[in-house]
2 protein chains.
Amino acid sequence: MIPTPYLLFLGDAPDQLSAKVAQGIKDWRPENAVGQLRLPECGADAGLADMSLADAKAAGAETLVIGVANRGGVISQVWKKVLIEALEMGFDVASGLHNLLRNENDLVAAAHVAGQTLHDVRIPSVAYPIANGVKRSGKRCLAVGTDCSIGKMYTSLAVDAEMRNRGMKSTFRPTGQTGILITGGGVPLDAVVADFMAGAVEYLTPDNDDDHWDHIEGQGSLFHASYSGVTLALIHGGQPDALILAHEPTRTHMRGLPHYDLPSLETLRDTALLLARVVNPVCEVVGVSVNTQHLTEAEANKCLADIEARMGLPTVDPFRHGAGRLVDALVSL
Amino acid sequence: MIPTPYLLFLGDAPDQLSAKVAQGIKDWRPENAVGQLRLPECGADAGLADMSLADAKAAGAETLVIGVANRGGVISQVWKKVLIEALEMGFDVASGLHNLLRNENDLVAAAHVAGQTLHDVRIPSVAYPIANGVKRSGKRCLAVGTDCSIGKMYTSLAVDAEMRNRGMKSTFRPTGQTGILITGGGVPLDAVVADFMAGAVEYLTPDNDDDHWDHIEGQGSLFHASYSGVTLALIHGGQPDALILAHEPTRTHMRGLPHYDLPSLETLRDTALLLARVVNPVCEVVGVSVNTQHLTEAEANKCLADIEARMGLPTVDPFRHGAGRLVDALVSL
């Protein structure tokens, strides 16, 4: 686990989109961040108090989290200065960047001297077991998508938040670097060695109270040729009791694969359910989560109504309308 | 690629079963082995000429291949003496053992001094790409099983051998350590990082002549909770034109998962075909390969006839009856 609370480093982020990790933390775990640190040329704002390292230390921050993508795959000297100063002041530093903190000699040296830890959340830090397929107590929900990057994480975070608002027992279980930084822990599934993928998901979602829900962050898609194996490991390691179908209605082809069409929601439903029932025969599809960000309010409402009529399942955009109806469906399972 | 031909090291193998890697090389690529090296207490025999290191060197051997499982997960001092002498005499050393040659300081030092290479075939040596899903030229066949360790590799090797006997263009494409040692190259798929699994299979089976067949070694099973993700990556990275169903009729539960039944051949057929057609819409199931080693000849013949009548597909045990009918089915595709 990454020590919380955080100071979010937005660096020289050129725009809001490049600071989406910081935005995710602000949106979903505001209690995990005491403030943000921006360099003079920063064009992003996570909506938190601007703080120096000293301010944040005084406010109790334990980790400086890099909440922005870097440009050109290099950790710049401008960033380095801040990161090293943070280590010297007693912060850990956490990052989901492709280029690893641990490969930067000056950061490693500064962390060593200061006795602080560098957290590269893209790299597994645990020797995960081989999955044993044994039924676990507690309930689990997984979002599966017609494509990658379609709103699965957002859906699971929204359902988890709604359950906790209702006083239910619920945990979001991250499987990617953004989710791990938001909550402080999880499994970077796409970096796990093939034989241990399903075991890593079992490890992430252990036995729990019978009325506790794990919301497992989805990855990839059963229909995405590059990443489908990761998705099936999530389904078979996660043993979901409930599946939520995730979709983006304006997408014209699979992400990064221009020659592949998206499957229909019906095909996704049937295929995911068939495979999920291998490990959990009572698994059900409970609803549809549609990412309508590219539609007007009227278009979105029509799209949701059409899908709901067609599929016979509660269909919402949790960003526009909340996840209440999805939670209702899970509760009545 | 591992330099061939090999000298097969059988060490102190207590019995024939523990020397199955050596047996596989002898059975499928006899031209890859000049002989075998056995210690006095060895209880196995791959049926090759017994040779000293000097004999094998004179016969042209380039690599000493460890063709036996070690006991207790330790590379013993008795083995070490032979391996170091081999390196000093100019052999490479290749191994599929769980404990790696590269983690033994004395072997690393000896290889360095001699300018020879240690080949740990369980570890990927290539930075595989992310799969792009683009259709490739040439034909591909993949065996998919109702369970793990059910005869998929044997089936693919037998079909490949039969095609080559007929003068057809055919290549066996290994995805596990035994297959890699047999042929000298391949992808150790269960050790590849999740995001790159399907890309590794694309890398293994590149564009080829239109009348060339790749026989891709299967791994795991879509219905095995521990390894199903690896299987789906094989299906989506391999883009098979043809699937062969592999089955073992006496197995009472999934290997290592006593609480899981095997799927029916019908369920395997429908599920594998559904998923394969995501990447190759013309994929067909062409036959069934049944491992009848635990049945008498009469029982085996009845079992094969029953499955053939039920499934309407050529059904053979390639070990008992050869792979001719499977090749006929592939040819007529």
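Naming convention: chains lettered A, B, ... in sequence-line order (proteins, then strands); numbering from 1 in each chain. The analysis underlying the following values was restricted to heavy atoms, covering all of them including side chains, and did not include hydrogens, waters or symmetry mates.
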> Highest number of heavy-atom pairs under 4.5 Å with chain A: which of B/Leu234, B/Leu274, B/Val193?
Replying inline: B/Val193
>> As an exercise: rank B/Gly229, B/Pro129, B/Gly199 by heavy-atom pairs under 4.5 Å with chain A and give me the winner.
In response: B/Gly229
> Which residue out of B/Leu275, B/Asp190, B/Thr231 racks up the most heavy-atom pairs below 4.5 Å with chain A?
Replying inline: B/Asp190
> Which atom names give the shortest non-hydrogen contact between A/Tyr260 and B/Val278, and what distance separates them?
Replying inline: CE2-O, 3.3 Å
> Where does B/Val192 contact chain A at under 4.5 Å (heavy atoms): side chain, backbone, both or neither?
Replying inline: backbone
>> Taking side chain as everything from C-beta outward and backbone as N, CA, C, O, which of these in B/Val201 sits under 4.5 Å from a heavy atom of chain A? Side chain, backbone, both or neither.
In response: neither
> So, are B/Asp147 and B/Arg251 salt-bridged, with charged N and O less than 4.0 Å apart?
Replying inline: yes
> To the nearest 0.5 Å, how far apart are CD1 in A/Ile123 and CG in A/Leu100?
Replying inline: 4.5 Å
>> If you count heavy-atom pairs within less than 4.5 Å of chain A, which of B/Pro124, B/Gly256, B/Gly133 leads?
In response: B/Gly133
>> Please rank A/Gly220, A/Ala198, A/Ala225 by heavy-atom pairs under 4.5 Å with chain B and give me the top one.
In response: A/Ala225
>> Just so I understand: if I count every heavy-atom pair under 4.5 Å between each of A/Leu232, A/Leu257, A/Asp195 and chain B, which residue has the most?
In response: A/Asp195
> Pick from A/Ala233, A/Ala191, A/Pro263, A/Gly237: which one has the most heavy-atom pairs with chain B under 4.5 Å?
Replying inline: A/Ala191
> Do B/Glu284 and B/Arg269 meet the salt-bridge criterion of a basic N to acidic O distance under 4.0 Å?
Replying inline: no
> Checking heavy atoms, do the side chain of B/Gln219, its backbone, both or neither come under 4.5 Å from chain A?
Replying inline: neither
> Would you call B/Asp241 and B/Lys135 a salt bridge, taking side-chain N to carboxylate O under 4.0 Å as the test?
Replying inline: yes
> Is it true that the side chains of B/Thr205 and B/Asp214 contain a donor and an acceptor less than 3.5 Å apart?
Replying inline: no
> With a 4.5 Å heavy-atom cut-off, do B/His98 and B/Asp120 have their side chains touching?
Replying inline: no
